[in-house]
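Report on the structure given below.
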Amino acid sequence: MSAQEIIRARAKELLESGEVATFIGWEAGRFTNQTTPLVITDAADADKLVFNEYCINTLAKYATDVRTRGKVGLVVRGCDSRAIVRLINDKVIKREDVYLIGVGCPGMKDRKTDEMLKKCTECRHNNPLVFDEMAGENAEKAVPEDRFAEVKEVEAMTAAERTRYFESVYAKCIRCYACRDVCPCCTCRECFVDQRRENWVGKQNNVAENRFYGLTRVMHIGDRCIECGECERVCPMDLPLMKLNRKVIQDMNDLFGEFESGLVISDEPSVLTTYELTDREEFM
């Protein structure tokens, strides 16, 4: 059986048995190179589920919206499983809230160019790290040699060049917050940009306010970012958001040792929420 056939069969069984109340996967869109996330509660709808090279959306964050109905079944690749781990570690969901059907991911294709998505070329974990069962075999894909290549390009700029570069980036930002809304690490019940009393950030759309939003968000999710690349993928202005995310991750590697978020379920606090007197402070 193909992975798609296994997913359909198991989703139907899980819903019929009542083991899960909701199942999340993908369904075909209007065109052959298009899919969209699908949330089903009726076993009869299991045949709508698909798994192909255009299943682009990371699914994990949808689980936070429907878990109140009962246990959630979910298809997970490497990125989806890391997102689930992050949500568990952040106490947003519990491991027993989800039933995970793992599937190997060779990389997804861009609907416009039919080439592998940028976020998939940079992926280091295309197979799920946490799952209850697998639909098919693990997938093989070349692991990128240098995940910080784009960061090095920026660091090679002079201070003046970097200033101009990021001013041009944030001048294009329209503050739609798509990056925040799609991110499985953005889990605050109320985002700082939506707070009225504190007024952390103004509502003006200009370079200064846009930059403040962008940099604050990067630092907020810095030690939790699973590098799924969804923020950059959904940005309507094509902002290079992963450059900033990986800059923070690279700094954490230098300060605290090799680091990747979302690999294991753990009660250990994330590195940016802890403090020790022995912490390095070269930035001071």
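- Cluster annotation: Ile221 and Val271 are assigned to distinct hydrophobic clusters (Ile/Leu/Val/Met/Phe/Trp/Tyr, side-chain heavy-atom contacts under 4.5 Å, transitive).
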Step-by-step salt bridge (charged side-chain N to carboxylate O under 4.0 Å, His left out) determination, Lys94 to Asp97: CA-CA 5 Å; Lys94 298 177 180 178; Asp97 289 340; over 6 Å; no
All N/O donor-acceptor pairs, side-chain side in residues 21-34, below 3.5 Å, sequence neighbours left out:
residue: Trp26; atom: NE1; partner: Asn57; partner atom: O; Å: 3.1
residue: Asn33; atom: ND2; partner: Arg111; partner atom: O; Å: 2.9
residue: Gln34; atom: OE1; partner: Arg30; partner atom: N; Å: 2.9

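- By the 6.0 Å and 45° rule, Arg180 stacks over the aromatic ring of Tyr177.
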Residue pair Glu209, Arg175: steps toward the salt bridge (charged side-chain N to carboxylate O under 4.0 Å, His left out) verdict: CA-CA 9 Å; Glu209 298 291 353; Arg175 296 269 289 284; 5.2 Å; no
Hey, can you pull the donor-acceptor pairs under 3.5 Å for the side chains in residues 225-238, sequence neighbours left out?
residue: Glu227; atom: OE1; partner: Arg147; partner atom: NE; Å: 3.3
residue: Glu227; atom: OE1; partner: Arg246; partner atom: NE; Å: 3.0
residue: Glu227; atom: OE2; partner: Arg147; partner atom: NH2; Å: 2.5
residue: Glu230; atom: OE1; partner: Lys119; partner atom: NZ; Å: 2.6
residue: Glu230; atom: OE1; partner: Arg233; partner atom: NE; Å: 2.6
residue: Glu230; atom: OE1; partner: Arg233; partner atom: NH2; Å: 3.3
residue: Glu230; atom: OE2; partner: Thr58; partner atom: N; Å: 3.2
residue: Glu230; atom: OE2; partner: Arg233; partner atom: NH2; Å: 3.0
residue: Glu232; atom: OE1; partner: Leu241; partner atom: N; Å: 3.2
residue: Glu232; atom: OE1; partner: Met242; partner atom: N; Å: 2.9
residue: Glu232; atom: OE2; partner: Lys118; partner atom: NZ; Å: 2.9

Verdict with reasoning, Asp45 to Lys12, per salt bridge (charged side-chain N to carboxylate O under 4.0 Å, His left out): CA-CA 8 Å; Asp45 292 327; Lys12 184 176 182 179; over 6 Å; no
Identify each donor-acceptor pair in which a side-chain atom of residues 1-10 lies under 3.5 Å from a protein atom, sequence neighbours left out, and give them as a table.
residue: Ser2; atom: OG; partner: Glu5; partner atom: N; Å: 3.2
residue: Ser2; atom: OG; partner: Glu5; partner atom: OE1; Å: 3.4
residue: Gln4; atom: OE1; partner: Phe51; partner atom: N; Å: 3.0
residue: Glu5; atom: OE1; partner: Ser2; partner atom: N; Å: 2.8
residue: Arg8; atom: NE; partner: Asp47; partner atom: O; Å: 3.2
residue: Arg8; atom: NE; partner: Leu49; partner atom: O; Å: 2.5
residue: Arg8; atom: NH2; partner: Asp47; partner atom: O; Å: 3.0
residue: Arg8; atom: NH2; partner: Leu49; partner atom: O; Å: 3.0
residue: Arg10; atom: NE; partner: Glu133; partner atom: OE1; Å: 3.0
residue: Arg10; atom: NE; partner: Glu133; partner atom: OE2; Å: 2.9
residue: Arg10; atom: NH1; partner: Glu13; partner atom: OE1; Å: 2.5
residue: Arg10; atom: NH2; partner: Tyr99; partner atom: OH; Å: 3.4
residue: Arg10; atom: NH2; partner: Glu133; partner atom: OE2; Å: 2.9

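- The pair Lys61-Asp181 does not count as a salt bridge, with every side-chain nitrogen at least 4.0 angstrom from each carboxylate oxygen.
- A 6.0 Å sphere centred on NZ of Lys48 holds no more than 12 heavy atoms belonging to other residues, nucleotides or ligands.
- Heavy atoms from other residues, nucleotides or ligands lying under 6.0 Å from CG of Asp114 number more than 12.
- The distance from the CG atom of Leu263 to the OG atom of Ser81 is 9.0 Å, given to the nearest 0.5 Å.
- To the nearest 0.5 Å, the span separating CZ on Arg224 from CG on Asn245 amounts to 11.5 Å.
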